[in-house]
Amino acid sequence: MLGDWKPKEIEPKWQKKWEEDGAHAFDPASKKPVFSMDTPPPFTSGDLHMGHVLSYAYFDFAARYKRLRGFSVFYPQGWDCQGFPTEVKVESKFGKKLPPEEFRAKCVEWTEEFIARMKGQMVAIGFSPDWRHEYKTMSPAYHRKVQLSLLKMHEDGLVYCGEHPVFWCPYCASAIAKAETEEEERTADLNYLKFETDAVKEGFIAIATTRPELLHACVAVFVNPGDERYAGLVGKTVKVPVYGQKVSILTDADVDPAFGTGIVMMCTFGDKQDVVWTYRHNLPVIQSMDVYGRLLNAGEFSGVKIGEAKSRLVERLKECGLLIKQEKLQQVVKTHDRCKKPIELITSRQWFCKLKGFEESIKKAAREMRWVPEFTLQHLIDWANYIEWDWVISRDRVFGTPLPFWHCRKCGQVVRAKEESLPVYPLKDKPPIAKCACGGELEGEKATCDCWVDSSISPLIVSKWTEDERFHSLTYPATLRPQGTEIIRTWAFYTIYRCLMLTGKPPFKEVLVNGMVLAPDGKKMSKSLGNVIPPDKLIGEYSADAVRQWAALSGAFARDKPFSYKDIKYCKSFILKLWNASKLVEKSLEGFDSARVDAKKLKLRAVDRWMLSRMDELVKQNTANYDNYDYFAIITSMQDFFWHEFCDYYLEEAKHRLYQPEKFGEESRLAAQYTLYAVLLDTLKMLFPILPHASEEIYGEVFASREKTRLLAKSAWPEVAKQGRDEEAVKAALLLNSILSEIRRFKAEKKMALNAEVACVKVSAPEEGLVALVEEEVREAGKAGKVEVCGGEFKVEVVA
RNA sequence: GGGCCCGUAGUCGAAUGGUCAAGACGUCUGCCUUACACGCAGAAGACCGCCGGUUCGAUUCCGGCCGGGCCCACCA
């Protein structure tokens, strides 16, 4: 017997039961078609946020639906462990003094705790990955595969080490990739400085700059070749203020004559344009700062951090009378996405992945995939179109996958790790050969990998690439790659690139992109704004099934949506409605044996046929909607159907036959029971992927003993469209519903109770025959003593 | 500057080339009707952003404008 709905008891109960019964286990030996998913490994921050909940709920809906559809579903789950935020946390707890290996061990320990917490949260929401295929990017096994992929790409000339200007975060003291940059608007001072020169009679030219702290690295000044004001200056030299070095006046079409004075000073490197000019005009590179952003080669200012250097230089310029004026300037600066600090460009020796030249093959592979929704493909194409530099893959961090390389101290030759000794940790492991061919000592590479180097081979990791050929061909390419819109330019882009390079095959067939969850006020959820909603709290208050329904309701295809309390409240009441209706059905089904019912011999009434016909329609629609990942359409249509059509109308219209078989006949009761049984069963199946716990519990109480399958999780999707739409029944039912509405309106106006009896209901309708089909329902559900029918325009007259 | 998304009752939000444009929240009025008052019934509330075009007919298709959001590029 169904008791009260107690999510805190039934949800963990079924989570355990499914796991024990292997309901989510992938069987590589199965003959069923494979549906494999490459789900995002969340960064192990310690807590799942609502964005995770939304997107992972989506993946779970897909997995559970495909299982019901008879697929062998491969649904692994991993963890993106390594990265700067963890280092910061560990540093703040244990200090900066630990030796690298000990520090790394602390990070691992810390991360394991976080994984346990996050995994617990995932289980509590009812996600159904096959945990036997769990992976962690910090594990030696994962390191081995990442290193193997790098060795192969190095062999193919796709990974190289070189000295180039790279985006640099002085706060993190590490190189970062363009994809890790963000932009921040701020107000800066635009300083107009005097550059002394003999070329003009005033003795100086004015140059506007926001970066006076880089004067020591100024190597040229530029004017636009078409700028007549300065035509006479080209080829002359000017003296850089404060430091006094002489630099040439050159021309370049990239100079905007309208900005500032139309003259630009070029330093190594103030911004990306300076890098372009350095190469274009073959200019010298001055190391302007060290890895922490402290000035280098700046005379008395050497060692001063850039922020402080800026104000000190401005002071000095004022003292020397070289500062003409200052203006406020709105500018956008690039910042590091992890620490939000401004980024610099510095030249440094780093490892790179060759991206230039592969844009077309990446775009081609992407175009062959199905992107849901379609426009998200454009995000990737746009990004690919703007690839200017190769991808910097090395990071000066400890907690990361070590690059499997050594360098010769003498000649700089790169020495690769041996494949069979992977994973290697070059800081403590012996190099593969004792000495370089030139006789020099070998030194292990200190840098570790960008975290996207790790995660960009997730489809290879889960499919046991280079390890189990059969398993690999079964699960690679993944059928579905679900992910967030904000990581298209990183995770999707790098994965397509790397997997293509390593296997020659694109990594997945379909990409499902979901949007972000905003705070109820429409702003981004962030700790600093204090508007973060923790999933745990919602599960406790509304149940996991309600949270999952909310996700289905919110994930409007790659569009960001604010969190809505009213939605989740509604979802919770829907479960209660489902529960209570199931209680009624359970009671009404006493003595009903589905196996002994001959559907053909049933005396179905029009309302029964209407319900069964609607059910068929819904199965058809929902099948298409699940195939298109349109969970919004599914949950809204199911909520509307079940609540309003089934509960509010059908149940009221069928009660008399269930309660009084002696008056309306056993056959009529059987027909009603059959209908209740079929509708509730198919409803549970179609809702199962979204609210698995409640539907499994109801199934267990009402259906398990009558069906072949004990677990709803292991049952089969309802058969599609057993019969065509029953036009007559649908029309009759709609007519009945409007007649009942009229009767209810009459009672409401007369302030009568709904179950109050009325003497007579006179119905005029164009099709009198239809009214006859539902006359019994009008009398019983409307509590009408008599029903009179005549032709004509639709009209209902009630006589109290 | 380039690309993308969006603009529907007080709020959130579907669908649709053509009968009274879903549903939810909120509001108002009744009703504790043997599953549910976390419920049921009823009511009020929308010139479907603005202007043109296509069409017999447009909220729906096309163009422009206005407004909101996102991504990318540039910014000395």
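Residue numbering restarts at 1 for every chain, and letters A, B, ... go by the order of the sequence lines.
Ring geometry, A:Tyr629 versus A:Tyr631: the interplanar angle exceeds 60°, so the pair is classed perpendicular (tilted spans 30 to 60°). Classification of the A:Phe642-A:Phe574 ring pair by plane angle, with boundaries at 30° and 60°, yields perpendicular.
Evaluation of the side-chain hydrogen bond (donor to acceptor under 3.5 Å, both in side chains) test over residues 748-757 of chain A, restricted to residues two or more places apart or in two chains, returns none.
Note on A:Ser564: nothing from the nucleic acid sits closer than 4.0 angstrom, heavy atoms only. Residue A:Ser573 is in sugar-phosphate contact alone, with no base atom involved, counting any heavy-atom pair closer than 4.0 Å across all strands shown. Residue A:Ser588 is classed as having no contact, given no heavy-atom separation below 4.0 Å to the nucleic acid. Residue A:Asp567 is out of contact with every strand shown, counting any heavy-atom pair closer than 4.0 Å. Among the heavy atoms of the strands lying under 4.0 Å from A:Lys178 are primed sugar atoms or P, OP1, OP2 only; no base atom is included. Residue contacts shown for A:Trp643 are limited to sugar-phosphate atoms, with no base heavy atom under 4.0 Å away. Using a 4.0 Å heavy-atom cutoff across all strands shown, A:Cys647 reaches at least one base atom of the nucleic acid. Residue A:Ile381 is out of contact with every strand shown, counting any heavy-atom pair closer than 4.0 Å. Nucleic acid contact for A:Glu652: base, since at least one base atom lies under 4.0 Å from a heavy atom of the residue. Using a 4.0 Å heavy-atom distance criterion, A:Lys747 is classed as making no nucleic acid contact. Base contact: A:Lys655 has a heavy atom under 4.0 Å from a base atom. A:Val255 comes within contact range of at least one nucleobase, with a heavy-atom separation under 4.0 Å.
What separates CD1 of A:Ile263 from P of B:C75 is a distance of 18 Å, to the nearest Å. At whole-Å resolution of the value, NZ in A:Lys572 and P in B:A24 are 19 Å apart.
A stem is defined here as three or more consecutive Watson-Crick or G-U pairs, each with both distances under 3.5 Å; for RNA chain B these stems are B:1-7 with B:66-72, B:10-12 with B:23-25, B:27-31 with B:39-43, B:49-53 with B:61-65.
Nearest heavy atoms, A:Ile263 versus A:Ala206: CD1-O, 3.8 Å.
Listed pair A:Lys751 / B:C31 fails the phosphate criterion, with no side-chain N or O lying under 4.0 Å from OP1 or OP2. Close to B:C74, at under 4.0 Å from its OP1 or OP2, lies no side-chain N or O of A:Gln273. Side-chain N/O atoms of A:His644 include none lying less than 4.0 angstrom from OP1 or OP2 on B:A22.
The one candidate from A:Leu687, A:Asn628, A:Asn625 that meets the side chain to side chain contact (heavy atoms under 4.5 Å, CB included) condition with A:Ile634 is A:Asn625.
A:Tyr677 pairs by the ring-ring contact (aromatic ring centres under 6.0 Å, His included) definition with A:Phe592, A:Phe703, not counting sequence neighbours.
Between the A:Arg669 side chain and the A:Pro661 main chain, no donor and acceptor come within less than 3.5 Å of each other. At distances below 3.5 Å, not a single donor-acceptor pair connects side-chain atoms of A:Asp189 with backbone N or O atoms of A:Asn191.
Residues A:Asp640 and A:Lys783 both approach RNA chain B. Their nearest nucleotides, taken by heavy-atom distance, put A:Asp640 toward the 5′ side. Residue whose closest nucleotide on RNA chain B sits further toward the 5' end, between A:Leu584 and A:Arg744: A:Leu584.
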